[in-house]
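In the text below, chain A, chain B and the rest are named by the order of the sequence lines, each starting its count at 1.
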Amino acid sequence: MQQSLFPSANPDPSASHEKFSRSDLNAAQLEAATTLGVPLLVIAGAGTGKTRTLVYRMAYLIEQGIPAANILLLTFTRKAAQEMIDRAGRLISDPRQRVTGGTFHAMANVLLRRHGHHLGYKPNFTILDRADAEGIINLLKSSLEMGATGKRFPSKRMVCNLFSRGVNKCQTLNEVIEDQYSHLAEYRDDLAKIQEHYHRFKFEHGLMDYDDLLVKFRQVLSEFPEVRREVAGRFQHVLVDEYQDTNPIQADIVRLVGGEHGNVMVVGDDSQSIYSFRGADFRNIMDFQTIFPGARLIRLEENYRSTQAILAVGNAIIDRAREKYEKRLFTSIAGGQRPQVYSAWDEATQARWVAERIAELLKQGVAREEIAVLFRSGFHSYKLELELNNRQIGFEKRGGLKLTESAHIKDVVSYLRVVSNPHDHLSWNRVLLLLDKVGPKTAQQVLATVRGAAEPLAALREYPAGKSWRGGLLKLLDLLETLGAGDRQPLAVFDAVMEYYQELFERIYHDDYPLRSRDLEQMRLLVGGYTDLQSLIDDTALDPPESTDESLGGRVGKPSGLILSTIHSAKGLEWDHVFVIHLAAGRFPSCQPFMREEWEEERRMLYVAATRARKMLYLTYPREVQTFDKQAAAGGISPFLAELPAHLLESWESRSGGGYPGSRLEKALPAGPAPAKVAEVPALGGKVRHPFFGEGKVEKLVGSRTVEVNFARHGRKTLHLDYARLEVLD
DNA sequence: TGAGACGCTGTTTTT
DNA sequence: CAGCGTCTCA
């Protein structure tokens, strides 16, 4: 097995050797970078040099004689870790000193392959991505004969969410159901049964989902002191980025490792907490000082990123947050142009306008990598993507569909997974279903043989296969046997798989296989970069490449072009020119939030988006948005945008003399802060309609502005009238 | 039992 | 518009 923790690119040898210099940091940053012997909690506002501080701290530790191998940097994405580590590498004299770093999941993966045997795992376990996990739920659902007829059983997606939520918030199944899924109460017993089988299934077949990686890693750390000591001994300094977005399990992992020596620094910003759906709670930041008594708190408040004009808008957004730790960002980059607001007629106009601004910027000589377009949800950029394609402006999309989520890639990866872990039932199932004349029933029967066998391949040789598909099965076994035998490079394995798969591929995807084969070619390029099959397989789940063309150049360092990204994927990044689109009611905030917590998180998301901009910020919204059934053209300006003081913003004026139905800001924005629309208080027992949950009946009035509503389709929800967009029916 | 056609429904964000 | 589940035919 590969020993380097997280295989990553070599530092760029051509990079200049910046000298580590204390004068590069302000007082607070310097304190954060150089304080030793005390746990540190760094509250760092957006753009206050948090990354720089982490980078300098790594370099400082190394200069103090601590081997880089003993330093661990935990970040939110692998990209972020690599970039920081590269930068630290440039500050020190010995380029071979390389800090290890990556995501919590990646670290857990590597260490569990080594220590998982304590919990009964073999080192060749397979990591399940979301679709895999849902697949298992589906398998179990049908094998347990649930949801057969009559009542509709909750979707696999729902079931997975429910399980995951329980894990990440440390709640029991019953608590989760009560809390969030009360409408599923009647399925409680079935869900409990599925959950039990799900856990057993994963364990018996050497499978781990994302949550397992964290949970099992925590377990091995807490139950086996010798493991804990070994891990803590190896990582004598732990640095954690984006701490506001860690969940209780991750915090526990930090506590267990860091508790051994206390050399822990965590960096975070409560105002940028946007991952509560994964169990994160920004209040956890303050628990740090309880977990590590005597921890020192350092605040970074000087913003080095944005102009005053942009920062003013950022501050105005977050000022309206109900609950936050006081902190006021200031910048010495005076002036700057006020952020521009463009109110578009509809989505197409919005797309055209943004594309035109981008074309203009490019013409003015702005580098493509200094421009980004951000949005709440992946699909918000569809129209813009079309528009950019029309104008032949290349872009890279972050977030949204991953390359590895497409069926044909999953097919290929399944062969690799079976080679690596012959007990991986899920992949076996997929691989068998690809055979002609083999469907779910037959596959299940074959799998029964795999289950008991110590050597599945040999056992299957003896399988009494039906005439129509015997040949196919034997060919498959030949392939797997050849691959399992030699110690081949991943690329050779991939090519062998492709030779076998090509025929099936063209049959199954007969209508569009030429298009799909482009993905396979791209995948082949990626495979070429690996020397170890297991890490290739791991990365398909832990570090999946984005689906659009760009992938090799963008893996390390700077993004290679114009970026379209979800706000979540834009975390920690910055650009000169940032467009935030779809700031329309019902889109951003998405129509889902119905309680304060969720509403506030949406607001923080806008804050994150706005503070990505260095020089110029553009905020746009379509006045009309199409819903999926191309019906209701709801929308209009997002309340977040509407409530901003108008004098901080500037409306866009059409230069071409009215080619667009451009609006004047004064018209679009109310003069003062807009009060939230005061919704009518419905009567007890009255009917209401929610944009997402549909119709429901008011069951209880809690306080003056909070009601409990029982929705026909979604069960009972507690709603706050100031946040939920409730319509009172009569 | 598998394969393919049809109709329904459901909508974030990510490791 | 998918991606699912159900239904029908071979």
A:L214 CG to B:dT15 C1', straight-line distance once rounded to whole Å:
8 Å
Hey, does [X] reach any base, or is it just sugar-phosphate, or nothing, if we go heavy atoms under 4.0 Å?
{"X": "A:K571", "result": "nothing"}
{"X": "A:F104", "result": "nothing"}
{"X": "A:D129", "result": "nothing"}
{"X": "A:S155", "result": "nothing"}

Ring stacking, A:F277 with base of B:dT14, under 5.5 Å and under 30°?
no
Does a nitrogen or oxygen in the side chain of A:K156 sit under 4.0 Å from OP1 or OP2 of C:dG5?
no
May I ask you to say whether A:D132 pairs ionically with A:K410, meaning some side-chain N is under 4.0 Å from a carboxylate O?
yes
Considering only atom C1', compute the distance from B:dT13 to C:dC4 and round it to an integer number of Å.
22 Å
Output all residues satisfying side chain to side chain contact (heavy atoms under 4.5 Å, CB included) with A:L573, sequence neighbours left out; order by chain, then residue number.
A:R398, A:W575
Checking only heavy atoms, does the side chain of A:R376 share a donor-acceptor pair with the base of B:dT13 at less than 3.5 Å?
yes
Table of protein N/O atoms under 3.5 Å from nucleotides 8-10 of chain C N/O atoms:
none

Which nucleotide wins on minimum distance to the side chain of A:M605, given the candidates B:dT1, B:dA3, B:dT13?
B:dT13
